[in-house]
Amino acid sequence: MNIVRLSIKRPVLILVFFLIIILLGLFSFPRLKVDLVPKVDIPIVTVMTVYPGAGPQQVELLVTKPIEDAISTTNNLKNIRSSSIEGVSIVIAQFKMGSSIDIAVTDVREKISSILGDLPDDAKQPEILKVDINAQPVLYLSVSGSDLKKVYDLTENFIKIKLQTVFGVGKIDLIGGEKREIKVVAQPGKLTYYGVDLTALAQRLKLENINIPSGHYIIADREVSGRLNTEFITTEEIKSINIPILDMSMGNVRTVPLSAIAQVYDAVAEQRDKVRTNQKESVGITIQKQPDANTIEVAENIKKILPEIKKQLPEDISIKVVADTSEFIRSAVEDVWHKLYISIILTGLVLFAFLYSVGSTLIVCIAIPVSLTGALFLSYISGFTLNIMTLTSLTFSIGIVVDSSIVIIENIFRHRKELKQEPASAAEKGTAEVASAVVATMITHMVVFLPIVFLSGLIGQFFKEFGMVQIYTTILAICVAFTLTPMLATKFLKDTEEKTWTKNAERKFDSFRNAYKSALTKFLKKPKAVLIIVFVLIPMSFLLVPLIGFEMVTNADEGIRPKGVL
C-alpha cells in the first residue's frame with residue numbers, strides 16, 4: 001500500500017500526524033529567539049592594553065611587540081594588525097574564516113598569559129575581546145540630575161547593579177558624567193628639595209592602600225579568615241602618609257607627611273566624553289545583551305524594572321530610555337510577518353480566481369500554514385532565530401508549497417470532472433500521474449538552495465539559515481502534497497458541476513488564452529528577430545549593473561546616531 005492510498009484510507013491518521021506538526025510548530029514559535037540578522041561569528045580577536053603615561057614608542061616597544069610575537073604562533077592565524085598610541089596598545093588578530101571564535105579567544109588568552117611577566121609592571125591587564133556583530137547595545141538610557149557627580153555615583157553603585165540582575169543583560173557601560181577621583185598633585189620644587197621622585201611616591205601610595213587576604217586564625221575553636229585592609233577612606237588619611245626621605249645633613253632616613261610635598265584633594269576625573277539629553281548634561285548607559293539572549297525580551301525586561309528603580313532614586317534624579325534598538329528589530333520582523341500573511345491571502349485569492357473552486361482553494365490554503373509551522377519547529381531544533389533572513393525565506397517558500405499542491409489538485413480535479421471517477425480513485429490516480437513531476441520539481445528546488453547551506457565565509461553564515469528554511473519547507477511540502485492534499489481532495493472535491501459564473505469566467509479566460517496563442521505563433525514564425533532581441537537585451541542589462549551598485553546589506557535607518565552618541 002503506497003503512501004497516497006494510505007492517506008486516503010486512513011484520513012484520521014494523517015490528520016493526527018499533521019496536527020502534531022502544527023502543535024510542535026506553535027510550541028516552538030514563542031521559544032524562537034528574535035533578532036535582526038542571524039548569528040554571525042567573525043574570527044577577529046582584539047587585545048587592548050592600557051599603559052598609563054607611556055608614549056607611542058614605549059607602548060610599541062614594551063607592550064605591542066611582545067603581544068604580537070606571542071599571538072603570531074596561534075593556530076589558524078591569518079594576519080595581525082596593531083596600533084600604538086599614547087597609553088594604549090591595540091592588537092587585532094584576524095583568523096581564517098570558519099575558525100571557531102571561542103577557540104581563537106582561548107588560544108590568544110593562553111598566549112598572552114605566558115608573557116604577562118614580560119610586560120611593564122605599570123601596564124594594565126590586557127583586555128581580550130572578540131568581534132560580535134550582534135553585540136550591539138539593546139538600550140540606551142539617560143540619567144539626569146542637578147549634581148553630575150552624585151548622578152554618576154548613583155548610576156555606578158546602584159542603577160548599574162540593579163540592571164545587571166535582569167535576565168539576559170550582558171555588558172553595561174557608562175558614558176559621560178563626573179567620576180570621583182582623588183588627585184595627588186606633587187610639587188616639583190618640594191620633590192627636588194626632599195630628594196623624592198614620582199616613582200617612589202607612587203609606589204608608597206600603592207603600598208599604603210591595600211586590601212589583601214592575611215591568612216586565618218583560630219577563635220574559640222573556629223577558623224576565621226582574615227584580611228589586611230588599609231584602603232583610604234578620607235583625603236586626610238592620604239595627606240598624613242609618611243614619606244621616607246634621606247636626610248643628607250644627618251646621614252639618616254626620616255619621614256615627612258605627604259601634605260608637605262603634594263596637594264591632595266577630592267576631585268573628578270578628566271572627562272573624555274559627554275552626554276546631553278534634551279540639552280542637559282547627563283550620564284549615559286549602554287546595555288548589551290548576552291550572546292544567546294532574546295533582544296526583544298531583554299529590552300522588555302529592562303523596561304519593566306525601570307519604574308521600580310525610579311521609585312528608589314532621589315526626586316531630583318530621573319532615568320529614561322533614550323533609544324531602544326529592539327523597536328527597530330520588532331518593527332522589521334513584524335513587517336516581514338505582515339508580508340507573510342498578505343502572501344497567503346493573495347495566494348488564496350489568485351487560486352480561487354483561476355480554479356473557480358472553494359474546495360481547491362481551501363486545500364492549498366491549509367497546506368501553506370501546515371508547511372510553515374513545521375518549518376518553525378525544525379528551525380527551533382536547529383537553533384535558528386526569527387530574523388530577516390529566516391522570515392523572508394518562509395515568505396519565499398509559499399510559492400513552492402503552492403506549486404506542489406496545485407499540480408496535484410488540478411490533476412485530481414480533471415479525473416473527477418472529465419473522467420467522472422469516484423473521489424478516492426480520482427485522488428489516488430491523479431496524484432500518481434504527476435508524482436514524478438512534482439518530486440522532480442521539489443528536488444530541483446532543494447538542489448538550488450543546498451549549495452547556499454555550504455557557503456563559507458561571512459556570506460555563508462548570513463545565508464545558511466535562509467537556505468535551510470527553504471529545504472525544510474520543501475521537504476514538508478512534499479509530505480503535504482502526497483498525503484494531506486489527496487486526503488483533503490476526497491473530502492472537498494465532491495461537487496464537479498460548473499456554475500454559471502464559472503462558465504462565464506472560463507470563456508473570458510479562453511479569449512485571453514487565444515490572444516496569447518496568436519501572439520506567440522507570430523513570434524515563433526520569426527525566430528531570428530526574437531533571438532536578436534534577446535541577445536541585445538542581455539548585454540544591455542549587464543551594462544546597468546554598475547549603476548545599481550554593490551553592497552552586502554542595505555543601510556537602514558534605525559533611529560540611532562553612529563558611534564553610540566545619545
Side-chain angles (χ1 to χ4, degrees), residues 39-136 156 160-161 164 169-174 199 202-216 225-231 272 286 288-293 461:
K39 184 178 180 181
V40 176
D41 289 330
I42 303 177
I44 296 177
V45 180
T46 302
V47 182
M48 185 172 69
T49 309
V50 177
Y51 186 12
Q57 292 181 344
Q58 288 178 300
V59 172
E60 181 179 9
L61 180 63
L62 301 177
V63 179
T64 304
K65 190 66 169 61
I67 291 177
E68 284 183 342
D69 293 340
I71 296 178
S72 62
T73 58
T74 309
N75 293 330
N76 298 320
L77 182 66
K78 186 176 181 180
N79 59 61
I80 298 177
R81 291 176 294 163
S82 65
S83 176
S84 300
I85 58 178
E86 185 176 354
V88 180
S89 165
I90 300 175
V91 179
I92 301 173
Q94 182 178 359
F95 293 82
K96 296 178 181 178
M97 193 59 69
S99 303
S100 172
I101 185 64
D102 294 324
I103 295 177
V105 169
T106 303
D107 291 343
V108 169
R109 183 172 286 110
E110 290 178 356
K111 299 295 183 181
I112 298 298
S113 298
S114 64
I115 62 157
L116 286 179
D118 299 333
L119 299 180
D121 295 336
D122 295 339
K124 305 294 184 182
Q125 182 79 13
E127 187 175 1
I128 302 172
L129 305 171
K130 63 180 179 180
V131 176
D132 186 358
I133 195 174
N134 290 19
Q136 301 297 323
E156 184 175 35
K160 182 178 179 180
I161 295 174
Q164 286 174 335
V169 169
K171 185 179 179 182
I172 299 179
D173 292 321
L174 304 185
T199 303
Q203 187 66 24
R204 183 66 180 179
L205 287 171
K206 184 178 180 180
L207 291 174
E208 292 288 341
N209 186 45
I210 59 175
N211 187 349
I212 59 175
S214 59
H216 62 273
S225 298
R227 294 189 67 85
L228 176 61
N229 185 359
T230 62
E231 290 182 335
R272 309 293 293 184
T286 61
Q288 295 181 9
K289 69 179 183 67
Q290 294 175 358
D292 296 328
Q461 294 186 59

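Source: prediction; values computed, not measured.
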Distance (rounded to the nearest 0.5 Å) between [X] [atom1] and [Y] [atom2]:
| X | Y | atom1 | atom2 | answer |
| --- | --- | --- | --- | --- |
| L62 | T49 | CG | OG1 | 12.0 Å |
| L77 | D107 | CG | CG | 10.5 Å |
| K206 | D121 | NZ | CG | 7.0 Å |
| K65 | I67 | NZ | CD1 | 12.0 Å |
| T46 | Q94 | OG1 | CD | 10.5 Å |
| K124 | S89 | NZ | OG | 15.0 Å |

Specify the closest pair of heavy atoms between [X] and [Y], including all atoms of both residues, with the distance to one decimal.
| X | Y | result |
| --- | --- | --- |
| P126 | I112 | CG-CG2, 3.8 Å |
| V45 | F95 | CG2-CE1, 3.8 Å |
| K78 | K96 | CB-N, 4.1 Å |
| I90 | M48 | CG1-CG, 4.1 Å |
| V91 | E68 | CG1-CG, 4.2 Å |
| K111 | S114 | O-OG, 2.6 Å |

With side-chain contact (heavy atoms from CB on, under 4.5 Å) as the criterion, how do D102 and K130 come out once you've worked through the C-alpha distance, each side chain's angles and the decisive distance to 0.1 Å? CA-CA 8 Å; D102 294 324; K130 63 180 179 180; 2.8 Å; yes

> When you measure from the side chain of T73 to the backbone N and O of D69, does any donor-acceptor pair fall under 3.5 Å?
Replying inline: no

Please answer whether the main-chain N or O of P56 pairs with a side-chain N or O of E86 as donor and acceptor at a distance below 3.5 Å. no

- Do S84 and T64 get their side chains close enough for a donor-acceptor pair, meaning under 3.5 Å? yes

Exercise. Passes side-chain contact (heavy atoms from CB on, under 4.5 Å), L116 versus Q125? Steps please.
Worked result: CA-CA 8 Å; L116 286 179; Q125 182 79 13; 3.7 Å; yes

* Apply side-chain contact (heavy atoms from CB on, under 4.5 Å) to I92 and I44, showing your working. => CA-CA 7 Å; I92 301 173; I44 296 177; 3.6 Å; yes

If you count the non-hydrogen atoms of other residues, nucleotides and ligands that lie under 6.0 Å from CD in E156, is the total more than 12?
yes

query: Would you say I103 has more than 12 foreign heavy atoms packed within less than 6.0 Å of its CD1?
result: no

